[in-house]
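I have placed the structure first, in the form of structure tokens, so that the comments after it can refer back to it.
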Amino acid sequence: MAEQTTHPYNPAETEPRWQLAWDEAECFIAKNDSPKPKFYALEMFPYPSGRIHMGHVRNYAMGDVVARYKRARGFEVLHPMGWDAFGMPAENAAIETGGHPKDWTYGNIEQMRAPMKRLGFALDWSREFATCDVDYYTEQQRIFLKFWEKGLVYSKTAKVNWDPVDNTVLANEQVIDGKGWRSGAVVEQRDMEQWFFKITEYADELIEGLDTLDRWPEKVRTMQRNWIGKSEGCRINFEIDELGNSQALDAFGYQDGMSLKTMLDGFLSKRAEDIAARRPRQLKPDDRGVTAAWAWAHTYPDGIQVYTTRPDTLFGASFIALSPDHPLTKELAAAFPEVVDFQAECAKIGTSEEAIAQAPKLGLDTGLRVDHPFIKDKTLPVWIANFVLMGYGTGAIFGCPAHDQRDFDFATKYGLPILPVVQSDEGEAGELIEAYTGDGTLINSDFLNGLSKDDGIRAAIEKIEEMGYGEGTTQYRLRDWGVSRQRYWGCPIPVIHCPKCGAVPVPEADLPVELPYDIEFDSPGNPLDRHPTFKHCTCPKCGGEAERETDTLDTFADSSWYYAKFAGKDGSPFDKKAASDWLPVDQYVGGVEHAVLHLLYSRFFTRGLRDCGLINLPSGEPFAGLFTQGMVTHATYETDDGWVLPADVTEKDGVLIHMPTGKTATKGDVIKMSKSKKNTVDPNDIIETYGADVARWFVLSDSPPERDVEWSEDGVRGAWNFQKKVWRIVQSTNVSDHGPTTIASDAKGDALTLRRAAHKALAKITEGIEAFRFNTSVAQIYELTNALSKYDGQDAARMEALGILIRSIAPFMPHLAEECWAQLGGEGLVATADWPTLDEAMLVEDTVTMPIQVNGKRRGEISVPKDMPKDEVEALALSEPNVARTIDGAPVRKVIVVPGRIVNIVI
RNA sequence: GCCGGUGUGGUGGAAUUGGUAGACACGCGGGAUUCAAAAUCCCGUGCUCCUAGAGCGUGUCGGUUCGAGUCCGACCACCGGUACCA
């Protein structure tokens, strides 16, 4: 028996010591050629803002539990960490406080790495990198070029949000109420040459792949499905109706033989005189129709093309509607002030989101009429309508008011016909008060009559194709990914613009296109554009003078493949074999806020890498398992001066007082920690006061991982007390020869009870970790700890139970576990120890306590041997005093005995 | 509006998937130890009734069942996502 020493547990001393021990033993360095099965655990890498927050701690603690547990289970675990280091904050810091984005970023990385190391995560730091490392972005440029070769990259002119003060493009999220988030200037829509990744190429595969991701939250899969927004339908051309528009020709002084163009040119020149004389002339819709026909003839010789998912309702069509931004609308606007006014009115509602939701339907009749494709001599009026979006489909629709709510509202307002063509299968339709969008049987629809909705859609498409009016198509909401950013601190796009040869890729041998360090932020816009030499180069094709692309890649590109880069050992170029071996990531952990963008872009990237032959990953799926964790929240407090620190608020006689000022405070919502609400808790302070293990334990206990956890001082002290309790139990244990790997196979009596408790706890702890329900594992660890603290014996059962406890705690509080392990004479490090072996026999009790119900109400309980025959259990149950009293001689109608569970007596 | 989720003590949350509702933790109350405090340990703690015991109790209403937090139907509230997507 070894000599006992008693001293309080001191994390400030033990934690750095064990971190050093892990480093020296290189326990967390993943081997690329290991014979063990692989497990890739990954948390979303952080942006180097300069400080870590509690959200990071929770995120990485969860990943760490999985990583440490899987290692104990015999897996070769890859658990790396890096930095998502490009982006605007670095540039903004440089603009605001001087300095250089590069220095700022690497400085922040230094500041953040230290506390992360102090948290004792089982990370393979040897694979660390930052996306702004030249090595990293060189490879990204190489991937860009491969994607280009493969047809996955192209450039086109597209609309962007342009901030005229900062001279830069803004992302949609950076435009608030139509103004730039920094400058406050009204944002303009500008056409600019932009680079795009062809993510739509994989639209179908990205949807289908979602069905295979059975270890992703349903929520995230649904969000991606909606984002891609696949819909099946068809495009239909509506041809202009000559007769319908000829009715208005008189208004234009039409004479036989006069060409439409001659007539209209004359009319328009007269309009020009009116405008010059400030005599705006409002035309009747019929008059506009003639002009529309003319405009249409120029713009759309084939007709007005609409997109619909409901061609089965074509017989119920009563109008055509164009978007206010439709090219035909624009043609009309050139000639008619009321169209311009109408566009302005629509645009007014445009910006604020609430207004859009409440916006009433607005329309303007163009007077133009088109032919119905299926009904001879029937024409439909063409309107301009504010609810038709240019960005989806063709920017034009046909309206079927009876079966589309928006069309219904529109038709009701403007007195357009509402013709039902789908009859609900239950009951007949009465007076329509809203659109019926459900399934049913087609009526009033000629050749479609009697068909179901789906059959009707098929039949209608077939007919439209046969008549040459259009074709069945699939429409996606997803658009190609615009990646050009007019920013310095990002990965330069490796392209050269040659006046003769156009856009030319930078030859691979000339990579990297490196960011120059000597840049100035003294004037707005992209400093690369003003750099003395960066831009100037020669064309790799013709050798002539050319200009280098100065845009950089969207930083979402950086985070779209970093997990593949981790697979390769430090300093190696992109390692195809390693990436193919390690991917997919087995468990990815991060916040839901990346549910669509980052996770979708990554799924696109792996498919691109696969199809360019850079990785062997048939499924194309980068993340086999995904877990989205909740946030760390904290109470907020406010005085009339604004938000105050929760630590400064105390309660006195039921009133909250802000101590530094003496003012009364009110409690606000419990919300995500945020600097502006002053409800943050600095992990550094917590580590300082309580140690890393306590911080980790707290953020994992109580709340289920997917839900928010509320930070509380009491909760942290609870974790602190638990740590001390474990240590106290270990200190009061005599060290035996076998140490914590002892197995007390001949335990009896109390010792056996303890053994059972330990193995039962182990089973549930394991289950909790596997199912990502760490809070239940924590509860089981508490139970086992309580059982041990009550156990007086200094025997093998105690040692075995402690051994199970310590190894179960190890993924959560690794430093404490090491210290206890060493104290108990454990061999080596817990970090590399195997997970305890479960003794299944210990899970089965010899005797069970069975509750007895009478008519479903619990009246007593009996203790019986596990395998006692049913009739004996029944007899025992009936004779239990309280049960017998309740029955009180009443006839027993039925007795249900569920072995080992419950007895229910029915009277 | 649509899609997804959640609703259980004073609080965070458990509940082997239809079988003792409230594990575990926080908080609170009482006690032990202490000159005292901290720490620690023990007991109690869903609500109601005077105890043995009984009644009520998992958002609401109804249903299935020997038995429902769990299954079915209808609703309510809150949270998240999304939106005139044709």
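All of these numbers come straight from a predicted model, not from anything done at the bench. Below, chains carry the letters A, B, ... as their sequence lines are ordered, and counting in each starts from 1. Note: hydrogens, waters and symmetry copies are ignored here, and every other heavy atom, side chains too, is used.
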Review point. How would you label the contact of A/Lys764 with the nucleic acid (heavy atoms, under 4.0 Å): base, sugar-phosphate, or nothing?
Key: nothing
Check your understanding: For atom C1', what is the distance between B/rG29 and B/rG10, given to the nearest Å?
Key -> 13 Å
Review point. Mind checking the C1' distance from B/rG46 to B/rG62? Whole angstroms is fine.
Key: 26 Å
Review point. For atom NZ of A/Lys672, is the number of surrounding heavy atoms from other residues, nucleotides or ligands below 6.0 Å larger than 12?
Key: no
Check your understanding: Is there a donor and acceptor pair, one atom on the side chain of A/Arg859 and one on the base of B/rU20, closer than 3.5 Å?
Key -> no
Check your understanding: Which part of the nucleic acid, if any, lies within reach of A/Val906 when heavy atoms closer than 4.0 Å are counted: base, sugar-phosphate only, or nothing?
Key -> sugar-phosphate
**Study point:** A/Val903 vs A/Ser703, nearer the 5' end of RNA chain B by closest nucleotide
**Key:** A/Ser703
Review point. With sugar-phosphate meaning primed atoms plus P, OP1 and OP2, does A/Pro217 contact a base, only sugar-phosphate, or nothing at under 4.0 Å between heavy atoms?
Key: nothing
Study note, to complete from the structure: Per atom distances to the A/Arg707 side chain, the nearest of B/rG7, B/rC66, B/rG19 is B/rG7
Review point. When all nucleic acid strands are considered with a 4.0 Å heavy-atom cut-off, which category describes A/Asn721: base, sugar-phosphate, or nothing?
Key: sugar-phosphate
Exercise for review: When you get a sec, tell me which of B/rA86, B/rG19, B/rG13 is the closest nucleotide to the side chain of A/Val388?
Suggested key: B/rA86
**Study point:** Stem regions touching RNA chain B, defined by at least 3 consecutive Watson-Crick or wobble G-U pairs below 3.5 angstrom
**Key:** B:1-7 with B:76-82, B:10-12 with B:24-26, B:27-32 with B:40-45, B:46-49 with B:53-56, B:59-63 with B:71-75
Study note, to complete from the structure: Taken to the nearest whole Å, CD/A/Glu218 to P/B/rU6 is 12 Å
Check your understanding: Which part of the nucleic acid does A/Arg717 contact within heavy-atom distance under 4.0 Å: base, sugar-phosphate only, or nothing?
Key -> nothing
Exercise for review: With the side chain counted from C-beta on, respond yes when A/Glu706 and A/Pro217 share a heavy-atom pair under 4.5 Å apart, and no when they do not.
Suggested key: no
Exercise for review: Decide whether a cation-pi geometry holds between A/Lys361 and A/Phe387; the criteria are a distance under 6.0 Å from NZ or CZ to the six-membered ring centre and an angle within 45° of the ring axis.
Suggested key: yes
Review point. What is the nucleic acid contact for A/Gln853, judged by heavy atoms within less than 4.0 Å: base, sugar-phosphate only, or nothing?
Key: base
Review point. Has the side chain of A/Lys219 got a donor or acceptor that lies under 3.5 Å from a partner of the other kind on the base of B/rC3?
Key: no
Exercise for review: Give the nucleotide from the list B/rA86, B/rU16, B/rU20 with an atom nearest to the side chain of A/Pro851.
Suggested key: B/rU20
Check your understanding: Which word best sums up how the rings of A/Trp697 and A/Phe722 line up, parallel for under 30°, tilted for 30 to 60°, or perpendicular for over 60°?
Key -> parallel
**Study point:** Out of B/rA39, B/rC3, B/rA15, whichever nucleotide has its closest atom nearest the side chain of A/Thr222
**Key:** B/rC3
Exercise for review: Select one nucleotide: of B/rC3, B/rG53, B/rG19, the one nearest the side-chain heavy atoms of A/Asn882.
Suggested key: B/rG53
Practice item. Give the nucleotide from the list B/rA86, B/rG19, B/rC56 with an atom nearest to the side chain of A/Arg901. Key: B/rG19
Check your understanding: Among B/rC24, B/rU40, B/rA86, which is the nearest nucleotide to the side chain of A/Leu389?
Key -> B/rA86
Exercise for review: Look at atom CD of A/Glu471 and say whether more than 12 heavy atoms of other residues, nucleotides or ligands are closer to it than 6.0 Å.
Suggested key: no
Check your understanding: Considering only B/rG13, B/rA25, B/rC26, which nucleotide approaches the side chain of A/Asp714 most closely?
Key -> B/rC26
Check your understanding: In this structure, are over 12 heavy atoms from other groups packed under 6.0 Å from A/Arg225 atom CZ?
Key -> yes
Study note, to complete from the structure: Of A/Met390 and A/Lys790, the one whose closest nucleotide on RNA chain B sits nearer the 5' end is A/Lys790
Practice item. Select base, sugar-phosphate, or nothing to describe what A/Asp407 touches, counting heavy atoms under 4.0 Å on all strands. Key: nothing
Check your understanding: Base, sugar-phosphate alone, or nothing: which one does A/Arg479 contact when heavy atoms must sit under 4.0 Å apart?
Key -> nothing
Exercise for review: Return the nearest nucleotide to the side chain of A/Arg406; candidates are B/rC85, B/rC66, B/rU20.
Suggested key: B/rC85
Check your understanding: Reckon A/Tyr782 touches a base, only the sugar-phosphate, or nothing at all at heavy-atom distances under 4.0 Å?
Key -> sugar-phosphate
Exercise for review: Check every strand shown and say whether A/Val592 touches a base, only sugar-phosphate, or nothing at a heavy-atom separation below 4.0 Å.
Suggested key: nothing
Exercise for review: Could you tell me the separation between the NZ atom of A/Lys453 and the C1' atom of B/rA86, rounded to a whole number of Å?
Suggested key: 13 Å
Exercise for review: Mind calculating the distance between CG (A/Asn226) and C1' (B/rG4) to the nearest angstrom?
Suggested key: 9 Å
Point to revise | Criterion side-chain contact (heavy atoms from CB on, under 4.5 Å) against A/Asn855, the qualifying member of A/Ile907, A/Thr886, A/Ile905, A/Asn904 | key: A/Ile907
Check your understanding: If the P atom of B/rC76 is compared with that of B/rA68, how far apart are they to the nearest Å?
Key -> 26 Å
Practice item. Can you establish whether the number of heavy atoms outside A/Asp792 located under 6.0 Å from its atom CG is more than 12? Key: no
Practice item. Please measure how far the C1' atom in B/rG4 lies from the corresponding atom in B/rA83, and state the result in whole Å. Key: 15 Å
Revision key, fill the gap. Considering only heavy side-chain atoms of A/Asp702, the closest of B/rA14, B/rA25, B/rC85 is B/rA25
Practice item. May I ask you to say whether A/Asp846 pairs ionically with A/Arg756, meaning some side-chain N is under 4.0 Å from a carboxylate O? Key: yes
Practice item. Could you tell me whether A/Thr308 contacts a base, only the sugar-phosphate backbone, or nothing, with contacts defined as non-hydrogen atoms closer than 4.0 Å? Key: sugar-phosphate
Point to revise | Test of ring centre spacing under 6.0 Å for A/Phe408 and A/Phe410 | key: no
Review point. How would you label the contact of A/Arg885 with the nucleic acid (heavy atoms, under 4.0 Å): base, sugar-phosphate, or nothing?
Key: sugar-phosphate
Practice item. Ignoring hydrogens and angles, answer whether the base of B/rC66 and the side-chain atoms of A/Asn904 contain a donor-acceptor pair closer than 3.5 Å. Key: yes
